[in-house]
Amino acid sequence: MKKDWEFQASDKPIRLLISDLDGTLYPRKESANPHQREDNFKAVKRWVEQGNKFAVATARGLHHYPVIAEALGFDINFIGGNGAAVRLETGETIIKQLPCSVYIDLCRKVIDQDLNVSVTTGLNNQWIWSRTDRYPRGVPAYDSIWDSVIQADLKTMDPDAGVERIQIFVPPAQRDEFRAFIQKQNYPGIITTSDQDMIDIGPLNSSKGISILELCERFKLDQDHLIVVGDSENDIPMFEITQHSYCIDLAEARVAARAAHTVSSVAEVISLLLNE
């Protein structure tokens, strides 16, 4: 793959666009444009062809890096796990973790109270679940995942092991209530929502905003030339570090209010930036 992110001396300022994936570069199903995903990818390629830089910041783990890099056709810097796992286009990885004891404790509470919630995490190269018969079981959007679901054996898990991210699938109407329940547990992690039915817990020293600032420092990138686009609460830390923040207009109003601008798509952002 072509290595696109090369920070070299130039008379032209480097402009870096960082996009969320789900709901943003990968548009929501409610998008009015049935070809929005393809249009977004074409726009990103135009952006890069004109000498600009592109990166991704997502709740997805590093396992998704090859998928997005292959789709774009060039290497990118990939911020995964809401900032807990970073893969530089050089291949270097930076990992932050929280203790597995958090996962074990939350799973036990959910199981003991027989809640319609799934608590998931990545451990030992596997994605494990608290239960296999709770939400999102039965939701069509998740039909494809069940063949790969592994139920956690809490008794054999090492509480001192590290996990990059804990993800909770919860019915949308119960999301905010369950989030409040998690906050009362005083776990040593950052709690955020990444979709209408997802809650994430990440390491205390991680967020999309923190990791982006670390990248800017590493590559001596001027924050004035940083542009971000997202659609969920976990994107707010990105919105807070630059005046050039864009939120997809299908986002929750409280999220959109934290960005400087609202747009219909990543393609629209790029068209505005390129004055097309």
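Positions are given from 1, in the same order as the sequence printed here. All of these numbers come straight from a predicted model, not from anything done at the bench.
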Are [X] and [Y] close enough that a side-chain donor and a side-chain acceptor fall under 3.5 Å?
X	Y	result
Y246	D231	no
D105	Y187	yes
Y135	D197	yes

| said: If the condition is side-chain hydrogen bond (donor to acceptor under 3.5 Å, both in side chains), which residues does N275 pass it with, not counting sequence neighbours? | reply: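 Partners of N275 under the side-chain hydrogen bond (donor to acceptor under 3.5 Å, both in side chains) test: none.
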Do [X] and [Y] come within less than 4.5 Å of each other through their side chains, counting heavy atoms only?
X	Y	value
I212	I79	yes
N40	P27	yes
T193	R179	yes

Quiz item: Could you go step by step and tell me if S194 and N234 meet the side chain to side chain donor-acceptor pair (under 3.5 Å) rule?
Solution: CA-CA 6 Å; S194 57; N234 62 350; 4.6 Å; no
*Kindly say whether the aromatic ring centers of F169 and Y142 come within a distance under 6.0 Å.*
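Yes.
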ask   = Less than 6.0 Å separating the ring centroids of H63 and F78?
value =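 No.
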Closer than 4.0 angstrom, basic N to acidic O: yes or no for [X] and [Y]?
X	Y	result
R131	D133	yes
E233	R175	no
E240	R258	yes
R134	D114	yes

query = Nearest heavy-atom pair of S265 and I248: which atoms, and what distance?
reply =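 The answer is CA-CD1, 3.8 Å.
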Test item: S271 side-chain N/O and A267 main-chain N/O as donor-acceptor pair under 3.5 Å: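 Confirmed, S271 side chain pairs with A267 backbone.
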Check: Taking T242 for the side chain and S245 for the main chain, is one N or O donor matched with an acceptor at less than 3.5 Å?
Finding: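 Not a single qualifying donor-acceptor pair exists.
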